[in-house]
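Counting convention: from 1, in listed order, for ligands and their atoms alike.
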Amino acid sequence: MNPDTLAPWACDPRQTRGRRVPEAPSPPRNEHQRDRDRIVHSTAFRRLVYKTQVFINHEGDLFRTRLTHTLEVAQLARSAARALRLNEDLVEAIALAHDLGHTPFGHAGQDALHACMHAHGGFEHNLQSLRVVDHLEARYPSFDGLNLTLETRCGILKHCSRHNAERLAELELEGPAQRFIAGTQPSLEAQVVNLADELAYNAHDVDDGVRSGLITLEQLDALPLFERWHTQVLQDHPQLAAQPGRRALFETLRRMLSAQMNDLVASTQAAIARHAPADSAAVACCPPLAMLSPALHERTVALKCFLLDQLYRHPQVMRMTALGRTVVAELFQAYLEAPAEMAADYAAAADRPRAVADYIAGMTDRFAQREHQRLTGRRLFSS
Ligand code: MG
């Protein structure tokens, strides 16, 4: 990426607002490339490969995990960023870090941990992603965390309650939480990653859902977003209708995702032209600029609702996630009563409930299962 060709509303890596602990530059990398490299080398990033996206890790080798989801988000977001002349390196850093705070067992794990932490400030995976890169990674001699630039940290903090924002702002006045108090928008780079995240999981959850047998092509054909491309694929390649393979599904999803990404780029370009932000700082005061057209947005929401009803709440998925919830809740109780069972640096922490939450949130699915079995003597998952 050549910074001289960036759009005026892109975040220029030469004008970064810097790191909490100042560091000398590391040419030839720019500061956002350097953030990306630190994220890829982090322990939390490597753990994503064994964390649930929708299907628990051991349910099948071909389903998405947090890592493959993350890579798909980075790929989509970078393509859009290049077309929009945004900072691709920053987009990549935000995308690769966006799910670092996820617990084992997906959203069920997060819900269980949030319930356990009810009296101690709660637990939120998005806030946890920031906590991972700001505090929990322990790899550098003179600071905790990865000491990322403010732009990457702001992009990672996608949601934040007013209460949490005020708490964070007390510690860092001009930090990532500031915009949740001011009510302003994140950078265009962060906005593009957020949308790419949604488009990526809608498409890959359809793929994984069909692969698992929990949803069918017939059901999907009731959705205009899917049916349009499925019909076109079968017209262009009639031989696929009689084939048992999955090529028709793949080609349908490929066309659907391309159409969504092209729409995202065109609609975002039009929004930028309408609001004409003078520079990246002016983006904060515009309405959200990264968007789909209203028609495609509506169809995308319909797909999302379908997946929620038919896949994420499918009895078979719910059965597995209920087990995950039990594992997390029982681990929390066990470590709270016996902190010495945790790794030494967590066991010694002053704020025990938070240390337990951090420890559990960092676990992979299988490590959580093993620890649960070790501490309770019960084995909840069969494989
Ligand atoms: Mg995600």
Open item on the list: If I take atom CD1 from residue Ile360 and atom CZ from residue Phe123, how far apart are they, to the nearest 0.5 angstrom?
Closed with: 9.5 Å
- [ ] Measure the acute angle between the ring planes of Phe226 and His230, then classify it against the limits of 30° and 60° as parallel, tilted or perpendicular.
- [x] tilted
Open item on the list: Show me the pairs that pass side chain to side chain donor-acceptor pair (under 3.5 Å) and involve residues 322-335, at least two apart or across chains.
Closed with: Glu330-His372, Glu330-Arg378, Gln333-Glu337, Tyr335-Glu371
- [ ] Could you please tell me which protein N, O or S atoms lie under 2.8 Å from the Mg ion (ligand 1)?
- [x] His69 NE2, His98 NE2, Asp99 OD2, Asp197 OD1
TODO: Report the residues that fulfil salt bridge (Lys or Arg N to Asp or Glu O under 4.0 Å) with Glu341, sequence neighbours left out, ordered by chain and then residue number.
DONE: Arg374
Open item on the list: Looking only at the aromatic ring of each residue, does the gap between the centers of Phe381 and Phe105 stay below 6.0 angstrom?
Closed with: yes
Open item on the list: Connecting only ILVMFWY residues whose side-chain heavy atoms lie within less than 4.5 Å of each other, what is the rest of Leu171's hydrophobic cluster?
Closed with: none
